[in-house]
There are 2 protein chains.
Amino acid sequence: MKLSPLSQSLVLHFGEMGSRWGLNRTLGQMYAVIVLTESPLNADQISEALQISRSNVSMGLKELKSWNLIKLQHIPGDRKEYFTAPEDVWEIAKTLLVERRKRELDPTLTSLRDALLQEPSSSEDEYAQQRIREMHDLMEMISSWSGELENMSSGKLATLLTLGSGLSKILEAKDRLLKK
Amino acid sequence: MKLSPLSQSLVLHFGEMGSRWGLNRTLGQMYAVIVLTESPLNADQISEALQISRSNVSMGLKELKSWNLIKLQHIPGDRKEYFTAPEDVWEIAKTLLVERRKRELDPTLTSLRDALLQEPSSSEDEYAQQRIREMHDLMEMISSWSGELENMSSGKLATLLTLGSGLSKILEAKDRLLKK
DNA sequence: CTGAATTTTCAGTAATTTCTGAAAATTATA
DNA sequence: TATAATTTTCAGAAATTACTGAAAATTCAG
């Protein structure tokens, strides 16, 4: 499978961004190819399109599965496994949110909680625990809020995101609103 | 400067998380020490606390400055430069949001826009552009929404985050609410 | 200015991460 | 159940990233 110049350039860009997104270059490239191609792809096609080894593709697919970013499909009469991305980009975004929360927030929340259970052994420790408490409360809020978003329908998410500056106004009015 | 067991264990944790947060181990550790210590720290103290070379600290501080995560202070009678983290963890969170948007979203938005300007040269390209359009619109929304958050006061942000399941209710009522 | 204190830079090295090919494991058809 | 197709694993190699010490640059008190 050969990529068109259009896809090629985006695939390269996703590769460069991959590491910034908590993936890595190959994973970024692989996902770009899968997202941009309408038909389901098998490992050999990905390997050829990106000029990387079959085994590398296998490892990459394993990782993309662990991120829940790809869907496995079977094509009648073909023993190979084929993969697609979800059709709805909102779904993809929500999945990324879930997974990044799991990887970037949850372990730290645990760690902060542990630290709060320790007995402070000096005034320095007391200060540290105070900051730990603040970080913990903040991350807890972000975490539960992100859980909230994860359970919203794409439509509702879109509504929320398009509010723009309306958001502030709504917040000002929220007490009035929630009383009912 | 020697770290207490309490700080030590969190510093190690932040080090491990560093790379997942788009920093790296040393940067994560450095920031943990700075956040958890009440008094401003100079490069030598950080170097000693983390057992890393002075030059490594220098590079790390440069990077933390580029992230706007630390504040430079001068102590009367001392020529060294001292650093602290913002007192308000919400400020830190907002800064992280700004910087990650700049690094993780903005370049891709540019790239997606470029791709949309290309002339599709096949039906495959047309499909690709359709997905690119969806990704672009989504990322644009997230980007401008995050800009919205960046300009909110900590208090308002806290209100928003504590809404929890109230969020959905508010969204349902928003049309009614915004008419006024 | 001068020079001591401090910070920054950077080439080389060390550590980590990613990638490959070969072999092992799994799967599914006949 | 045997075997051919396919996927996965993994040890070593390659590539990338991070770290160090020495030297250069900067800063500032006298």
Side-chain angles (χ1 to χ4, degrees), chain A residues 1 11-34 40-67 70-84 103-104, chain B residues 1 11-34 40-67 70-84 103-104:
Chain A
M1 207 190 69
V11 163
L12 291 180
H13 175 82
F14 273 60
E16 280 164 25
M17 298 302 288
S19 40
R20 300 197 196 178
W21 295 338
L23 313 168
N24 64 41
R25 189 177 47 204
T26 306
L27 233 50
Q29 292 189 349
M30 284 180 59
Y31 204 54
V33 178
I34 295 173
L41 294 178
N42 65 43
D44 287 323
Q45 293 173 305
I46 297 172
S47 164
E48 193 199 345
L50 301 179
Q51 311 265 49
I52 58 178
S53 73
R54 183 49 241 269
S55 54
N56 200 1
V57 173
S58 180
M59 292 188 298
L61 288 171
K62 185 181 174 186
E63 186 118 15
L64 288 177
K65 282 176 210 160
S66 83
W67 279 79
I70 50 175
K71 293 190 297 186
L72 172 60
Q73 301 211 319
H74 278 287
I75 292 190
D78 192 333
R79 253 171 86 176
K80 292 202 173 79
E81 301 190 318
Y82 285 77
F83 297 91
T84 54
R103 286 154 215 252
E104 300 182 13
Chain B
M1 209 191 70
V11 163
L12 292 179
H13 175 81
F14 273 60
E16 280 164 24
M17 298 302 287
S19 42
R20 300 197 195 178
W21 295 337
L23 312 168
N24 63 44
R25 189 178 45 202
T26 307
L27 233 51
Q29 292 188 351
M30 283 181 58
Y31 203 54
V33 178
I34 295 172
L41 294 178
N42 65 42
D44 287 324
Q45 293 173 306
I46 298 171
S47 164
E48 194 200 343
L50 301 179
Q51 311 264 46
I52 58 178
S53 75
R54 182 50 240 270
S55 54
N56 199 4
V57 173
S58 180
M59 292 188 297
L61 288 171
K62 186 180 173 187
E63 186 117 13
L64 288 177
K65 283 176 210 160
S66 84
W67 278 79
I70 50 175
K71 294 190 297 186
L72 172 60
Q73 300 211 320
H74 278 288
I75 291 190
D78 193 333
R79 252 171 86 175
K80 292 202 173 80
E81 300 189 317
Y82 285 77
F83 297 91
T84 54
R103 286 153 216 252
E104 300 182 12

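Note on naming: letters A, B, ... go to the chains in the order of the sequence lines (proteins, then strands), and numbering restarts at 1 for each one. Predicted model only: the values in this text are computed from it and were never measured. Hydrogens, waters and symmetry mates are skipped; everything else that's a heavy atom, side chains included, is used.
Read 5' to 3', the first and last nucleotides of DNA chain D with an atom closer than 4.0 Å to a heavy atom of chain A are dA4(D) to dT16(D).
Every residue two or more places apart in sequence or in another chain was checked for a side chain to side chain donor-acceptor pair (under 3.5 Å) with Thr84(B), and none qualifies. When the side chain to side chain donor-acceptor pair (under 3.5 Å) test is applied to Arg20(A), no partner is found at least two apart in sequence or on another chain. Residues meeting the ring-ring contact (aromatic ring centres under 6.0 Å, His included) test with Trp21(A), sequence neighbours left out: Phe14(A). Applying the side chain to side chain donor-acceptor pair (under 3.5 Å) criterion to Ser47(A), with sequence neighbours excluded, gives no partner residue.
Listed by first then second residue, pairs satisfying salt bridge (charged side-chain N to carboxylate O under 4.0 Å, His left out) with a partner in residues 40-57 of chain A read Asp44(A)-Lys80(A), not counting sequence neighbours. Legend: side-chain hydrogen bond (donor to acceptor under 3.5 Å, both in side chains) pairs involving residues 22-34 of chain A, not counting sequence neighbours: none detected.
The end-to-end axis angle of the helix from dC1(C)-dG30(D) to dA30(C)-dT1(D), rounded to 10 degrees and based on five pairs per end, is 30°.
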Exercise answer: donor-acceptor pairs, residues 70-77 of chain A side-chain atoms, under 3.5 Å, sequence neighbours excluded:
residue  : atom : partner  : partner atom : Å
Lys71(A) : NZ   : Glu87(A) : OE2          : 2.4

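Contacts between residues 45-54 of chain A and DNA chain C, defined by a heavy-atom separation under 4.0 Å, are made by Ile52(A), Ser53(A). Scanning residues 76-83 of chain A for heavy-atom distances under 4.0 Å to DNA chain D yields Arg79(A), Lys80(A), Glu81(A). Sorted by residue number, the members of residues 19-34 of chain B with any non-hydrogen atom under 4.0 Å from DNA chain C read Arg25(B).
The nearest whole Å value for the distance from the NZ atom in Lys62(B) to the C1' atom in dC10(C) is 11 Å.
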